[in-house]
Amino acid sequence: TGYTANELLGKNCRMLQGPETSTETVAKLRYAVEHGEPCNVEIINYQKDGTKFWNKVSMTPVRDKLTGEVTHFVAVQDDVTGRKETEQALKLREMALCNLAEGIVITNPCHPDNPIIYVNTAF
């Protein structure tokens, strides 16, 4: 994120939110904290320099062994921007293939029967 440990300690992760951060996803995180539940989300966050990135957050409550009360949350964050960009590029290519006026057929030459694995709507 570009922040140092000293800049983050004692702060809330809200400092990573920005204009494109989903309020619905933030609400899921908030609900999980309020109800002491685990939560896994992917959310747009922002680095210290303002760069947008996709953040996969896996959060789990830590409970007191005697009382069962939540004492802390452990969250693991992973920058999944590269994966999200690849997914978007694949969706765009799929849309392009589906909307071509020419028929497209893709087969699997790795299989002995060379089966058809894709046909666009123009075929």
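All heavy atoms count here, side chains included; hydrogens, waters and symmetry mates do not. Sequential numbering from 1 along the given sequence is applied to the chain's residues. Just so it is clear, the model here is predicted, and its values are computed rather than measured.
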Under the 3.5 angstrom rule, does the side chain of [X] hit a backbone N or O of [Y] as a donor-acceptor pair?
X: Thr60; Y: Val74; value: no
X: Asp79; Y: Thr81; value: yes
X: Tyr46; Y: Glu20; value: yes
X: Asp113; Y: Pro115; value: no

Applying the 4.5 Å side-chain criterion to the ILVMFWY set and letting contacts propagate, would [X] and [Y] be lumped into a single cluster?
X: Leu16; Y: Val41; answer: no
X: Ile43; Y: Met59; answer: yes
X: Val33; Y: Val70; answer: yes
X: Met95; Y: Leu90; answer: no
X: Phe123; Y: Ile106; answer: no

Can you see which heavy atom on [X] is nearest to which on [Y], and at what distance?
X: Asp64; Y: Leu66; answer: OD1-N, 2.7 Å
X: Asn114; Y: Thr107; answer: OD1-OG1, 3.0 Å
X: Ala122; Y: Glu102; answer: CB-O, 3.5 Å
X: Glu37; Y: Phe73; answer: O-CE2, 3.8 Å
X: Pro61; Y: Pro38; answer: CD-N, 3.6 Å
X: Thr21; Y: Gly18; answer: OG1-N, 2.8 Å

Within a strict 4.5 Å, meaning less than it, do heavy atoms of the [X] and [Y] side chains meet?
X: Lys48; Y: Glu7; result: yes
X: Trp54; Y: Ile44; result: yes
X: Tyr3; Y: Lys11; result: no
X: Ser58; Y: Lys56; result: yes
X: Asn45; Y: Gln17; result: yes

Cut-off 3.5 Å, side chains only: do Thr4 and Asn6 have a donor facing an acceptor?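 Short answer, no.
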
Nearest-0.5 Å distance that lies between atom OG1 in Thr23 and atom CZ in Arg30: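 Separation between the atoms: 9.0 Å.
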
I need the Lys28 NZ to Asn40 CG distance, nearest 0.5 Å.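 Taking NZ in Lys28 and CG in Asn40, the distance rounds to 11.0 Å.
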
State whether Arg83 and Glu87 are salt-bridged, where the test is any N-O pair (Lys NZ or Arg NE/NH1/NH2 against Asp/Glu carboxylate O) under 4.0 Å.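 Salt bridge flag = yes for Glu87 with Arg83.
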
Arg14 and Val26: side-chain contact (heavy atoms from CB on, under 4.5 Å), yes or no, with the steps? CA-CA 9 Å; Arg14 284 188 297 265; Val26 171; 5.8 Å; no

Answer yes or no: are there more than 12 heavy-atom neighbours, outside Glu34 itself, under 6.0 Å from its atom CD?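 Check passes, neighbour count above 12.
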
